[in-house]
**Student:** 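Mind having a look at this structure? Questions to follow.
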Amino acid sequence: TATAAEAAHERGHGIGSAHAKAILFGEHAVVYGAPAIAVPLHQLEVETRIRSTPGHELRIESELFAGTASSAPERLRPVITAVRAALAAVGRPDDQVQLRVRSAIPHGRGLGSSAAVAAAVARAAADLTGAELGADAFHEIVQQAERVAHGNPSGIDARAVAAAGPIRFHEGRVCATGVGAPLTFVLADSGRPGSTAEAVAGVRERRAADPVAMDRALAQLSELAEGSVLDLELGDRPALGARMLQAHELLGRIGVSTVRLDALVDAARAAGAHGAKLTGGGLGGCVLALADSEQQAEHIALALRAAGARRTWTTTVAAS
Ligand code: MEV
């Protein structure tokens with residue numbers, strides 16, 4: 001709006017934020033058209049600020065890097081893409097800006113860090129200019145950055161980091177999922193990064209080599225995701241937990257789990273979790289465990305740290 005644009009002009013900068021996500025069901029299978037379910041992780045946020053700096057090359061300032069676009073490491077290419085795409089979408093393709101990124105989302109942990117940064121950049125560009133970005137224009141900016149980061153993204157991360165609650169994503173379309181009872185999850189960082197691009201490429205290779213076994217596992221992952229919608233609506237924690245354990249086993253079969261992730265899943269189970277599984281691309285990254293209550297979640301988090309998790313976060317998805 002005019003007033004938002006005026007306010008941003010007064011300040012000389014625009015700000016934006018977005019949160020991390022965890023995939024509950026359907027990662028990897030979603031790349032082949034299966035449905036998938038994601039939940040927001042509101043406590044892991046990224047904040048960006050875009051300031052107009054006419055006459056200067058794009059400058060980036062983040063925890064890991066401060067410098068110009070041309071001196072930026074490879075890992076910042078998606079961020080640079082997001083800035084360019086966002087400025088083009090708000091009708092200011094030639095603007096010269098400075099970007100500041102403050103992120104609490106660990107990178108390379110399957111939590112949607114790259115998509116969240118791009119979403120926050122798009123929001124900051126809209127704030128700076130007062131432009132209204134429609135959902136599709138916004139999604140396209142994030143997807144452009146995700147293509148640079150991951151090659152062939154399904155689009156679920158781009159939707160999940162922008163959604164306030166749990167979503168079901170299928171063939172590019174997204175809808176909110178009902179949740180019948182509060183669900184408390186413990187997220188454990190294995191301490192090892194996992195590259196989504198590598199994980200997705202590995203699944204593609206193994207599928208080419210052994211299509212029958214791989215397609216069977218991917219179809220089962222798809223069924224687990226589809227069937228989970230009713231369990232979520234009913235708030236049926238034991239049923240969801242059982243599905244999570246089956247999904248983890250299948251993700252192992254398609255080659256994206258690791259000994260460390262398996263050990264964390266076992267530790268969560270031993271501590272009484274209804275279920276646990278790797279989340280996101282795998283090959284490192286995080287394990288998500290479903291607790292029965294917030295109190296039990298504390299116990300599971302301790303067990304996960306004792307089993308080698310570097311950090312844990314507890315998040316409750318409210319009933320809707
Ligand atoms: C990454 O969060 C989820 C994957 O299914 C990749 C994608 O959907 O693009 C592994």
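For ligands, and for the atoms within them, numbers begin at 1 and follow the listed sequence.
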**Student:** Could you list the atoms of ligand 1 found under 4.0 angstrom from a heavy atom of Gly281?
**Tutor:**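 Once the distances to Gly281 are compared, the set is 10 (C).
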**Student:** Check this for me: does any side-chain nitrogen of one of Arg147 and Glu140 sit under 4.0 Å from a carboxylate oxygen of the other?
**Tutor:**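 Salt bridge flag = yes for Glu140 with Arg147.
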**Student:** Short list, please: which atoms of ligand 1 are under 4.0 Å from a heavy atom of Ile156?
**Tutor:**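 Answer for ligand 1: 8 (O).
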**Student:** Which atoms of ligand 1 sit under 4.0 Å from any heavy atom of Pro153?
**Tutor:**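 Under 4.0 Å from Pro153, ligand 1 has these atoms: 9 (O).
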**Student:** I need the atoms of ligand 1 closer than 4.0 Å to a non-hydrogen atom of Ile23, numbered in the order shown.
**Tutor:**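 Ligand 1 atoms under the 4.0 Å threshold to Ile23: 2 (O), 3 (C).
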**Student:** Could you tell me which non-hydrogen atom of Thr312 sits nearest to which non-hydrogen atom of Ala301, and how far apart they are?
**Tutor:**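 Scanning both residues completely, I find the closest heavy atoms to be OG1-CB, 3.7 Å.
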**Student:** Which ligand 1 atoms are under 4.0 Å away from a heavy-atom of Ser154?
**Tutor:**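 Answer for ligand 1: 7 (C), 8 (O), 9 (O).
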**Student:** Taking atom types as modelled, find out whether Glu298 and Thr314 have a side-chain donor-acceptor pair closer than 3.5 angstrom.
**Tutor:**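 No, no side-chain donor-acceptor contact under 3.5 Å.
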**Student:** Distance under 4.0 Å to a non-hydrogen atom of Glu27: what atoms of ligand 1 satisfy this?
**Tutor:**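 Close to Glu27: 5 (O).
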**Student:** Of all the heavy atoms in Gly110, does at least one lie under 4.0 Å from an atom in ligand 1?
**Tutor:**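 So Gly110 does not count as touching ligand 1.
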**Student:** Indicate yes or no: does Asp136 engage Arg159 in a salt bridge with an N to O separation below 4.0 Å.
**Tutor:**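 Arg159 and Asp136: salt-bridged.
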**Student:** Judged on heavy-atom distance to atom 4 (C) of ligand 1, which of Lys21, His28, His150 sits nearest?
**Tutor:**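 Of the listed residues, His28 has the closest heavy atom.
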**Student:** Any ion pair linking Arg310 and Asp189 (charged N to carboxylate O, less than 4.0 Å)?
**Tutor:**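 Answer for the salt bridge query: no.
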**Student:** Can you tell which of Glu45, Glu61, Glu47 makes a side chain to side chain donor-acceptor pair (under 3.5 Å) with Arg102?
**Tutor:**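 Option passing the side chain to side chain donor-acceptor pair (under 3.5 Å) with Arg102: Glu61.
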**Student:** Check each atom of ligand 1 against the heavy atoms of Val30 and keep those under 4.0 Å away; list them by number with element.
**Tutor:**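 Every atom of ligand 1 under 4.0 Å from some heavy atom of Val30: 5 (O), 8 (O).
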**Student:** Is Leu288 reachable from Val186 through a run of I, L, V, M, F, W or Y residues, each pair having side-chain heavy atoms under 4.5 Å apart?
**Tutor:**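 The answer is no; the residues belong to distinct hydrophobic clusters.
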**Student:** Can you name the atoms of ligand 1, numbered from 1 with element, that are less than 4.0 Å from a heavy atom of Asp157?
**Tutor:**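 Counting from 1, the qualifying ligand atoms are 1 (C), 2 (O).
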**Student:** Would you say Asn152 and ligand 1 have an N/O pair spaced under 3.5 Å apart?
**Tutor:**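 Not met; the criterion fails.
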**Student:** Taking Thr279 as the fixed residue, which of Val287, Leu24, Leu187 is the one that meets the side chain to side chain contact (heavy atoms under 4.5 Å, CB included) rule?
**Tutor:**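 Going through Val287, Leu24, Leu187 one by one, the side chain to side chain contact (heavy atoms under 4.5 Å, CB included) with Thr279 is satisfied by Leu187 alone.
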